[in-house]
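First listed ligand is number 1; within each ligand, the first listed atom is number 1. Note that the structure is predicted; figures quoted are calculated from it, not measured.
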Amino acid sequence: MIIERVRKSVVPDNTVKDWLTKNIEKLQNRKGKLIVVSIGKAAWRMAKAAKEVLKDEIERGIIITKYGHSEGNIEGFEIYEAGHPIPDENTLNATKRALELTENLTQNDVVLFLVSGGGSALFEMPVDGISLKDIQKLNEALLKSGANIVEINTVRKHLSKVKGGRFAQHVHPAKVISLVLSDVLGDRLDSIASGPAYPDNTTSQQALEVLERYKITTSESILNALKQETPKELSNVETYIIGSVKVACDTAQNVAKELGYNTLILTTVLDCEAKEAGRFLGSIAKEIKENDRPVRKPAAVILGGETIVRVKGTGKGGRNQELALSFALSIDGLSDVVLCSFGTDGTDGPTDAAGGIVDGQTVQRIKQVGYRAESFLENNDSYNALKIAGDLLITGPTGTNVNDLIVLIVG
Ligand SMILES: Nc1ncnc2c1ncn2[C@@H]1O[C@H](COP(=O)(O)OP(=O)(O)OP(=O)(O)O)[C@@H](O)[C@H]1O
Ligand SMILES: O=C(O)[C@H](O)CO
Ligand SMILES: [Mg+2]
C-alpha cells in the first residue's frame, strides 16, 4: 500500500496534471503562443499529461526521450528518441528542432519546459568548435571516471548551447515555465538534466577542476570552450519541482501515519555504501526495538536517496537489494522488523527487480536451502540471495524516476 501510494505521488502523469490544473492561470495569462518542450526519460508521459490539461492551448510541442521511451503519437507534438547516456546524431537533430520551434519568440509567448532525468544526454547542442565525437568521448570518460552527477554536469554545462541556462537565453524574451521531476539528490536545479533553464551555480574553473580531479585528458578545443562562462542570472524563468524523492518520503510518511505508525524521515539524501546503510539501519531497528529510540514502536523510519555499490564480485544485484540483504544479516532472528528498499523507477541495477523486502527470517530462509547469506553479499549477488528467500520486490517499470526509497518498520 505504501509503495503504490508513493508511486502515484511521483508518477509524472499525476504530478504534471495536478500542477497545471492548480496553476492554469500562469499559462492562460499570456498574450502570445504556448510551446511545450519536454526532455528526459519521463518526457513522453509529462507531455501527455500537459496535453490532456492544456489541449488546444498548445500551439506546438516537442518531446525528446530515450530510445524505446515513447508510447505513441500525441497530437500537435513532434516526438524524437535519442541516445542515452551518451548523446548521438538523433540527440542533435532533435535539439536543433527544439531550438527552431522556440526561435524568434516574443515576450508575449510562453515555453512550458518539462524536465526529467536523462535530459543531459537527450538535449544537447555543442558550442561552436566542438563536435559530437568530442562530446561523446568526453561523456564516456566522465561516466566511467567515478565523478558524481553534479561534477559530470558541471563539465557538460560549459560545453553546450542549451545547458546551464543557455536554453532559457535562447528562448528570451519569451517566458519559460519549467516543471521538473528531480533525480538528483538535494534537488539541485542547475544539475537536473544540466539545468537548461536555470541559472548555473558552477563555474568554468570548477569544470576544469573536475577534469583534473578525475584525470581526464581532453583536446585543446574543449579546454578553450570550457573557459566560456554560463549565465548566472536569468530574468525569464520560473521553476517548480513537481516530483522528487522528498515528495516520495512525505507520501510514505503520510501513509504510514494513517496506518498507525510513529514516523520519522531520517534523511532524503542518503548517499553512502549500500552495505553500510543496511548495517546502520540494522542498528537503528535494534535501538527502536529495545529503547523506543529515535522513535517509539510501532515505528516507520523512512529514508530517501541513492546509495553506492562498488561492484567487486561476479554476482547480480542492485543497490537496494544489497542494502536489504546487508540489513537482513544485521537483524537476523529479530521479530516484527521489516525493511523495504526500492528504486522508484522500478529497476534496481541490471535486474528485473525494483528492490527487496526483508525481515528477521530472511537469512534463515536462505540457510534452510543450504546457502550462506554472507557469501551472496560478498559476491554482490543480492538478487539471487533475495530470490531464494522469496524477498525480491518486482514492480516492473513505474514510469517515473526519483531515486530510491527505504521504509523500515519495527512493530
Ligand atoms: N551485482 C550488483 N550488485 C549491486 N549493485 C550493482 C550490481 N551490478 C550493478 N550494480 C549497481 O547498479 C547501478 C546501476 O543501476 P540502475 O540502472 O538502477 O542505475 P540508476 O543510477 O538508477 O540509473 P538511472 O538513473 O538511469 O535510473 C550502479 O550504480 C551499480 O553500482
Ligand atoms: O540527465 C541528467 O543529467 C541526470 O539524469 C540528472 O538529472
Ligand atoms: Mg534507476
Given 3.5 Å as the limit, does a donor-acceptor pair link the side chain of E124 with the main chain of L92, or not?
no

Nearest to atom 4 (C) of ligand 1 by heavy atom, G318, A274, A121: which?
G318

T347 heavy atoms within 4.0 Å reach ligand 1 at atoms 18 (O)

Minimum-distance pair of heavy atoms, taken over all atoms of I366 and A389:
CG1-CB, 3.9 Å

Tell me whether ligand 1 is touched by P350 - counting only heavy atoms on the residue side and a distance under 4.0 Å.
yes

Would you call D200-K163 a salt bridge at under 4.0 Å N-O?
no

Closer than 4.0 angstrom, basic N to acidic O: yes or no for E4 and R7?
yes

Can a salt bridge be assigned to the pair R30 and E57 using a cut-off of 4.0 Å between side-chain N and carboxylate O?
yes

Side chain, backbone, both or neither: which part of I308 has a heavy atom under 4.0 Å from ligand 1?
neither

Salt bridge flag under 4.0 Å for residues E71 and K48
no

side-chain hydrogen bond (donor to acceptor under 3.5 Å, both in side chains) with N380: of E322, K275, K316, R310, only one passes, and it is E322

Option nearest atom 29 (O) of ligand 1 (shortest heavy-atom distance, choices K312, R319, R310):
R319

Taking only residues two or more places apart in sequence or in another chain, which ones pass ring-ring contact (aromatic ring centres under 6.0 Å, His included) with Y240?
W19

Please confirm whether G315 approaches ligand 1 to less than 4.0 Å, judged on its heavy atoms.
yes

Looking at E75, I'd like to know if its CD atom is crowded, meaning that more than 12 non-hydrogen atoms belonging to other residues, nucleotides or ligands lie closer than 6.0 Å.
no

Does V311 approach ligand 1 within less than 4.0 angstrom via side chain, backbone, both or neither, non-hydrogen atoms only?
side chain

N401: numbered ligand 1 atoms lying under 4.0 Å from its heavy atoms:
25 (O), 27 (O)

To atom 6 (C) of ligand 1, the nearest of G355, S382, G317, P85 on a heavy-atom basis is G317

Atom-level proximity to ligand 2, residues with heavy atom under 4.0 Å
G117, G118, G119, S120, I149, N153, R156, D183, V184, I192, A193

Backbone of F77 reached by a side-chain donor or acceptor of K51 within 3.5 Å:
no

Can you tell whether the side chains of K387 and D352 come within less than 4.0 Å, N to carboxylate O?
no

At under 4.0 Å between heavy atoms, which part of D183 makes contact with ligand 1: side chain, backbone, both or neither?
neither

If you count the atoms of ligand 1 from 1 in the order shown, which ones are under 4.0 Å from a heavy atom of K41?
24 (P), 25 (O), 26 (O), 27 (O)

Salt bridge present between K41 and D345 (N-O < 4.0 angstrom)
no

Please list, in number order, the atoms of ligand 1 under 4.0 Å from a heavy atom of N380.
1 (N), 2 (C), 3 (N)

Parallel, tilted or perpendicular, as decided by the 30° and 60° cut-offs, for the rings of F167 and F123
perpendicular

List every atom of ligand 1 that sits less than 4.0 Å from any heavy atom of D345, numbering the atoms from 1 in the order shown and giving each element.
27 (O)

Could you list which atoms of ligand 1 come closer than 4.0 Å to a heavy atom of E322?
3 (N), 4 (C)

